[in-house]
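Letters A, B, ... are given to chains in the order of the sequence lines, protein chains preceding strands, and every chain is numbered from 1. Here the structure is a predicted model, which is why all the values come from computation and not from measurement.
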4 protein chains.
Amino acid sequence: MAEVVAQADRRSEGIVINDDWPGYSLDLFSYPAHYSGDLDSVIIPHGVIMDRTERLARNIMDDLGDHDIVVLCVLKGGYQFCADLVERIKALSRNSNRTIPMRVHFIRLRSYLNDQSTKDLHILGAEDLSFLAGKNVLIVEVSQPCFCCFLSVLQNGLIVYTLS
Amino acid sequence: MAEVVAQADRRSEGIVINDDWPGYSLDLFSYPAHYSGDLDSVIIPHGVIMDRTERLARNIMDDLGDHDIVVLCVLKGGYQFCADLVERIKALSRNSNRTIPMRVHFIRLRSYLNDQSTKDLHILGAEDLSFLAGKNVLIVEVSQPCFCCFLSVLQNGLIVYTLS
Amino acid sequence: MAEVVAQADRRSEGIVINDDWPGYSLDLFSYPAHYSGDLDSVIIPHGVIMDRTERLARNIMDDLGDHDIVVLCVLKGGYQFCADLVERIKALSRNSNRTIPMRVHFIRLRSYLNDQSTKDLHILGAEDLSFLAGKNVLIVEVSQPCFCCFLSVLQNGLIVYTLS
Amino acid sequence: MAEVVAQADRRSEGIVINDDWPGYSLDLFSYPAHYSGDLDSVIIPHGVIMDRTERLARNIMDDLGDHDIVVLCVLKGGYQFCADLVERIKALSRNSNRTIPMRVHFIRLRSYLNDQSTKDLHILGAEDLSFLAGKNVLIVEVSQPCFCCFLSVLQNGLIVYTLS
């Protein structure tokens, strides 16, 4: 598995956005009318995320092809990205001789308990997660300020994929 | 709101598949290699679901445009369909003068309790759902044998959209 | 190359539409408003053509991967299908270790000359096509009543792919 | 029509790429294997062009909705962009109450004649273009160094849309 980690290490660290980048002008793209007034510019166009998702799917396919994986989607933020990523992996799977059987599970995290902020993350509405033991688990999460990221916990190692 | 219900009633009941329809030959479409051996034919190609989803998004936009809605996605089955549908509604929203502000929430249902089957549905991992009171709620669910369906609970009425 | 022809022969003959199939109800799909009144039903939804195009791209990749090809797009009918097909082949090409370098050329055909119908097809606006000699040429054409079809003329053989 | 021109004038001039922008790292995106070695970086990701195409389609719909147009696609460079743009306009057309009936025609240009470079552009393989008289014509062209651009010749005016 060390080899796999090394392989991921050689990859780019994601999209770097300079602090002085003013973003794209709003009238270059379509956006919902009820956002106008609240938006100044577009930092990462939707299509760039789609292109990055396509490449991440390929990286995952290259690293994990022919292994079963469990996709753990962290709600609520991660669900659209997870759906796009899973669709891309499926597209690769159905058009090649390699395949990644996937099951998707959902969890919610929160960092407070009984209205008290804690330093620990609590898994909300969790059923027993013991079925993950010994599995290849792909955790899909969207967090700030790193726009979109997810990581793959392998049985014997860890690969971090970062979208941007 | 009665008018809205009537409008929905005039619409088609979804895709009707005759019992004697043998389906499309498998080699007409791409599908994951690990399904081969388990599949006989394709009954509803993926693209038909995409086309239907586009039309449902338009119907929802026509019925609910300029209203806030809460999308209640029923996991696990509904999440991919929900993601596709929400994306389509957003596409309509950002390319027209009408808009549907949406928030998406997730619930899980099960029909058994403490390993005992019951006739009632239980909402799993539910936080308090009282925030739905007085809202326009779009419940997105995939159930068998009706391949994909969802229904919209309006404040003063009910519209049922059926994909197939 | 005989092997390739045999491989293509084993494939399905495309989508068969029975004469008594009434088609899908119009209100199941979105279509341009200016078509209403002229349409009775939908025989082949757009998404089915997209799904078939994805599979044809895969078949072409399987048959011709790592060969250069010249795509000969027959205008005007074939251009949208050609664009979709080339995009699909490129998607496979950029996500696998195999590749199909492609150049796209355009021709127009007509079956009449100086307002006189003839039994021969004439190539309109043709530059010299001698550059095709010895090349693998993929002719992309849409003809009636076979909704969409195209054929691949290989150096030493012929493969016919039919969409529907 | 002066109003339309003014409206277009208020829009952004397209995507501006600074001379010192090094581009995106190649391993952020998928690209055909046979390009590796020839590419240093990605300047405009494919998804950005798709997003811009969606917005251009909307601008065209806003300016020309409910008018018939003739789309004049300049081969060879413009055909993929033209296919994407026309598909986007159709998507808007079939999901709104407005519509743009379109016919697509194809021309080729060259700036040399009998192997002699000239300062004039010659239309290759041209049938009689007199049918364009009095029509709203949307010319779709891809030219360098302006990556993708096209312009719309109206009966009584001119709108220039620039993708980047």
Reported CD-to-NZ distance for the pair B:Gln80 and A:Lys90, which is rounded to 0.5 angstrom: 5.5 Å
B:Tyr79 side chain reached by A:Val86 side chain, heavy atoms, under 4.5 Å: yes
Choice from B:Ser93, B:Cys73, B:Pro101 maximising heavy atom contacts with chain A below 4.5 Å: B:Pro101
Closest non-hydrogen atom pair, B:Pro32 against A:Thr99: CB-OG1, 4.4 Å
Closest non-hydrogen atom pair between B:Tyr31 and A:Arg94, with its separation: C-CB, 3.4 Å
B:His105 NE2 to A:Leu75 CG distance, which is reported to the nearest 0.5 Å: 11.5 Å
